[in-house]
Colleague: 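Please find one structure pasted underneath; my questions will follow.
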Amino acid sequence: MSKISAFALIDCNSFYASCEKVFRPDLKACPVLVLSNNDGCIIARSAEAKALGVEMGAPYFKVRDELNRMGVRVFSSNYELYGDMSARVMNILHQFSPDVEVYSIDEAFIGLSGFPEREFGAIGSEIKRRIYRWTGLPVSVGIAETKTLAKIANRIAKKSPKANGVLDLFRSKFREKALESTNLVDIWGVGRRLSKRLRCMGIHNALDLSRADENIIRKEFGVTLLRTLLELGGESCIPLDMMPSPKQGICSSRSFGKPVESIREMKEAVATYATLVAEKLRAQSSCATAMDIYITTNRFREDEPQYSAHLTMTFPVATANTSEIIGYAVDAVGRIFREGYRYKKAAVIAMGIVPADSVQLNLFDTARRERGEALNAVIDGLNNRFGRDALKSASTGISPEWQMRRDMKSPAYTTRWDELPVVY
DNA sequence: TCTGGGGTCCTAGGACCC
DNA sequence: TCTGGGGTCCTAGGACCC
């Protein structure tokens with residue numbers, strides 16, 4: 001006999017904005033926003049900010065004056081803080097169930113198959129209570145037969161005052177109602193494009209989609225949307241993924257704080273991103289067999305000449321060695337860089353990723369590689385202990401002008417001794 | 001002056017093989 | 001003149017996610 005399928009989706013409310021509020025009780029009732037890297041776009045809004053009509057994704061420079069007038073408090077993103085707060089939330093979830101899928105920095109699914117059905121609601125409430133008590137972060141919980149339905153339950157739990165942050169839709173007589181009130185774009189796996197095409201076929205909400213013809217959906221849209229359709233009907237097609245496999249591509253890309261015009265600066269930036277990529281590779285015990293380097297001008301500046309280029313470099317032996325990867329990356333810049341442009345962004349993408357322990361060694365290369373690995377291990381150790389950039393390659397620049405802007409970043413309250421909050 | 005970053009999965013089409 | 005069928009692998013592009 002197969003076990004029932006039941007999932008809870010736990011999602012932190014306005015996660016980044018809530019993290020900022022935890023350490024600033026003076027801002028408890030204030031509208032708070034968090035910006036993307038380079039202080040570019042709005043990527044998180046507290047409930048108060050949403051109520052003021054602040055748009056998600058809006059370019060900050062366009063709305064800055066208005067936000068100031070409304071008394072909105074604005075923060076640069078502080079991923080060190082959010083990452084640490086996220087780990088605390090996930091630790092708490094592991095106390096409730098061994099089956100936890102960390103889906104994103106602020107979301108996790110947990111499997112509830114092992115629990116009695118009648119306790120689902122109470123478990124959801126206890127999760128919410130404990131996370132708030134132990135971290136100060138508000139979460140919402142949605143429970144249902146499938147991950148797609150749990151997403152919908154979570155969304156309603158967040159919005160409906162009656163739900164109070166927890167909604168159990170498992171075998172609920174309200175499921176149809178919930179589906180009917182869910183717009184296409186609010187279904188997990190359905191974006192703007194698909195919504196538009198579905199509406200042309202007379203499908204206007206989640207209930208319509210759950211009742212659509214399976215063959216037509218399969219044929220017109222593929223298996224992904226068919227799975228969504230089935231999941232909306234309560235048939236679980238997307239299992240929990242508790243042990244995410246190592247990433248297949250590892251990317252580091254950033255816009256510059258100010259345009260880069262010289263090849264020297266471009267090499268510094270690309271060396272910096274290459275360093276990050278190498279660190280990420282080592283953190284998941286992988287090596288890369290190839291790498292893509294991208295550089296591009298600012299596509300929003302239609303008045304400026306545009307140029308973008310990329311180059312794929314294949315390594316003779318798979319590697320995660322910082323200085324080796326920097327070497328290839330800088331070489332690539334030399335080949336694709338053109339004078340006379342104002343560059344906005346660069347990216348380093350590692351590809352062909354393989355486990356470090358399965359790398360085919362070149363017979364004569366072994367001793368040199370071993371020394372490289374030992375050096376990298378020491379660098380990683382020091383940087384973990386004393387903070388990122390305690391030790392870095394000189395080729396990444398000393399205090400480069402292209403570095404991204406983060407003018408309004410809060411302290412790393414929980415991860416740096418010298419930035420701990422002080423209480424009087 | 002100022003417009004994020006890092007991923008996944010699926011599909012179609014071409015190259016190549018027997 | 002005739003010119004199959006099936007499989008795999010790779011890549012680019014599209015769509016989606018947070």
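Throughout, protein chains are lettered first and strands after them, A, B, ... in sequence-line order, and every chain is numbered starting at 1.
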Colleague: Taking the side chain from A:R155 and the backbone from A:T182, do they hold a donor-acceptor pair closer than 3.5 Å?
Modeller: no
Colleague: Runs of at least three consecutive Watson-Crick or G-U pairs, both distances under 3.5 Å, are what I'm after; which ones involve DNA chain B?
Modeller: B:5-18 with C:5-18
Colleague: May I ask you to say whether A:E180 pairs ionically with A:K177, meaning some side-chain N is under 4.0 Å from a carboxylate O?
Modeller: no
Colleague: How many whole angstroms separate atom CZ of A:R227 from atom P of B:dC9?
Modeller: 10 Å
Colleague: For A:Y16 and A:Y79, I'd like to know if the aromatic rings sit close, meaning centre-to-centre distance below 6.0 Å.
Modeller: yes
Colleague: Roughly how many Å is it from NZ in A:K247 to C1' in B:dT8, rounded to a whole number?
Modeller: 10 Å
Colleague: Between A:T289 (side chain) and A:G352 (backbone), is there a donor-acceptor pair under 3.5 Å?
Modeller: yes
Colleague: Can the ring centroids of A:F7 and A:W188 be said to lie less than 6.0 angstrom from one another?
Modeller: no
Colleague: Which part of the nucleic acid, if any, lies within contact of A:S77, taking any heavy atom under 4.0 Å across all strands shown: a base, the sugar-phosphate backbone alone, or nothing?
Modeller: nothing
Colleague: Taking C:dC18 as the reference, what is the distance to B:dC2 when you measure between their C1' atoms (whole Å, please)?
Modeller: 24 Å
Colleague: Describe the nucleic acid contact of A:R406 in one word from base, sugar-phosphate, nothing, applying a heavy-atom distance below 4.0 Å.
Modeller: nothing
Colleague: For A:N13, is there any backbone N or O sitting under 3.5 Å from a side-chain donor or acceptor partner on A:S18?
Modeller: yes
Colleague: Hey, can you pull the residues of residues 198-216 of chain A with a non-hydrogen atom under 4.0 angstrom from DNA chain C?
Modeller: none
Colleague: For a quick check, with a 4.0 angstrom heavy-atom cut-off, what is the B/S/- contact string for nucleotides 11-18 of chain C, read 5' to 3'?
Modeller: ----SSSS
Colleague: Atom CD of A:Q248 to atom C1' of B:dC9: distance rounded to whole Å?
Modeller: 9 Å
Colleague: Nearest whole angstrom, please: distance from the C1' of B:dG7 to the CZ of A:R254.
Modeller: 14 Å
Colleague: Ring centres under 6.0 Å, that's the criterion: do A:F337 and A:Y343 meet it?
Modeller: yes
Colleague: Just how far, in rounded Å, is P of B:dG5 from CG of A:N78?
Modeller: 17 Å
Colleague: State which residue, out of A:D106, A:V139, A:V166, fulfils the side-chain contact (heavy atoms from CB on, under 4.5 Å) condition with A:I10.
Modeller: A:V139
Colleague: Nearest whole Å is fine: how far is B:dG4 P from A:Y273 OH?
Modeller: 13 Å
Colleague: On DNA chain B, does the nearest nucleotide to A:R218 precede the nearest nucleotide to A:C251 from the 5' side, or the other way round? Give the residue.
Modeller: A:C251
Colleague: Does A:T146 reach the main-chain N or O of A:E231 with its side chain, forming a donor-acceptor pair under 3.5 Å?
Modeller: yes
Colleague: With a 4.0 Å heavy-atom cut-off, tell me which residues in residues 31-39 of chain A come close to DNA chain B, sorted by residue number.
Modeller: A:S36, A:N37
Colleague: Determine whether A:D84 and A:T414 satisfy the following criterion, side-chain hydrogen bond (donor to acceptor under 3.5 Å, both in side chains), listing intermediate values before the conclusion.
Modeller: CA-CA 7 Å; A:D84 185 66; A:T414 60; 2.6 Å; yes
Colleague: Would a distance-only check, ignoring hydrogens and angles, find a side-chain to backbone donor-acceptor pair under 3.5 Å from A:K21 to A:C30?
Modeller: yes
Colleague: Which heavy-atom pair separates A:F315 from A:M291 by the least distance, and what is that distance?
Modeller: CZ-CB, 3.6 Å
Colleague: So that I can tick it off, tell me whether A:D65 and A:R69 are bridged by a salt bridge, with the cut-off set at under 4.0 angstrom between side-chain N and carboxylate O.
Modeller: no
Colleague: Mind listing the residues from residues 256-264 of chain A sitting with a heavy atom below 4.0 Å of DNA chain C? Number order is fine.
Modeller: none
Colleague: What is the distance, rounded to the nearest whole Å, between atom CD1 of A:I238 and atom P of B:dT8?
Modeller: 16 Å
Colleague: Under a 4.0 Å threshold between the charged nitrogen and the carboxylate oxygen, would A:R416 count as salt-bridged to A:D418?
Modeller: no
Colleague: Which residues, if any, of residues 54-71 of chain A bring a heavy atom under 4.0 Å of DNA chain B?
Modeller: A:P59, A:F61, A:R64
Colleague: Using the closest heavy atom to pick a nucleotide of DNA chain B for each, name whichever of A:K280 or A:F300 lands nearer the 5' end.
Modeller: A:F300
Colleague: Specify the separation, in whole Å, of atom CG of A:D292 and atom P of C:dC10.
Modeller: 16 Å
Colleague: Below 4.0 angstrom, N of the basic side chain to O of the carboxylate: do A:E176 and A:R211 qualify?
Modeller: yes
Colleague: Look up atom OG in A:S253 and atom CD1 in A:I349, then write down how far apart they are to the nearest 0.5 Å.
Modeller: 7.0 Å
Colleague: Can you classify the ring geometry of A:F109 versus A:Y103 as parallel (below 30°), tilted (30 to 60°) or perpendicular (above 60°)?
Modeller: perpendicular
Colleague: Under 4.0 angstrom, heavy atoms only, what part of the nucleic acid is A:K345 near: base, sugar-phosphate, or nothing?
Modeller: sugar-phosphate
Colleague: So A:S125 and A:R129, do their side chains get closer than 4.5 Å, heavy atoms only?
Modeller: no
Colleague: Is it the case that the side chain of A:S252 and the backbone of A:V277 share a donor-acceptor pair, with hydrogens and angles ignored and the cut-off at 3.5 Å?
Modeller: no
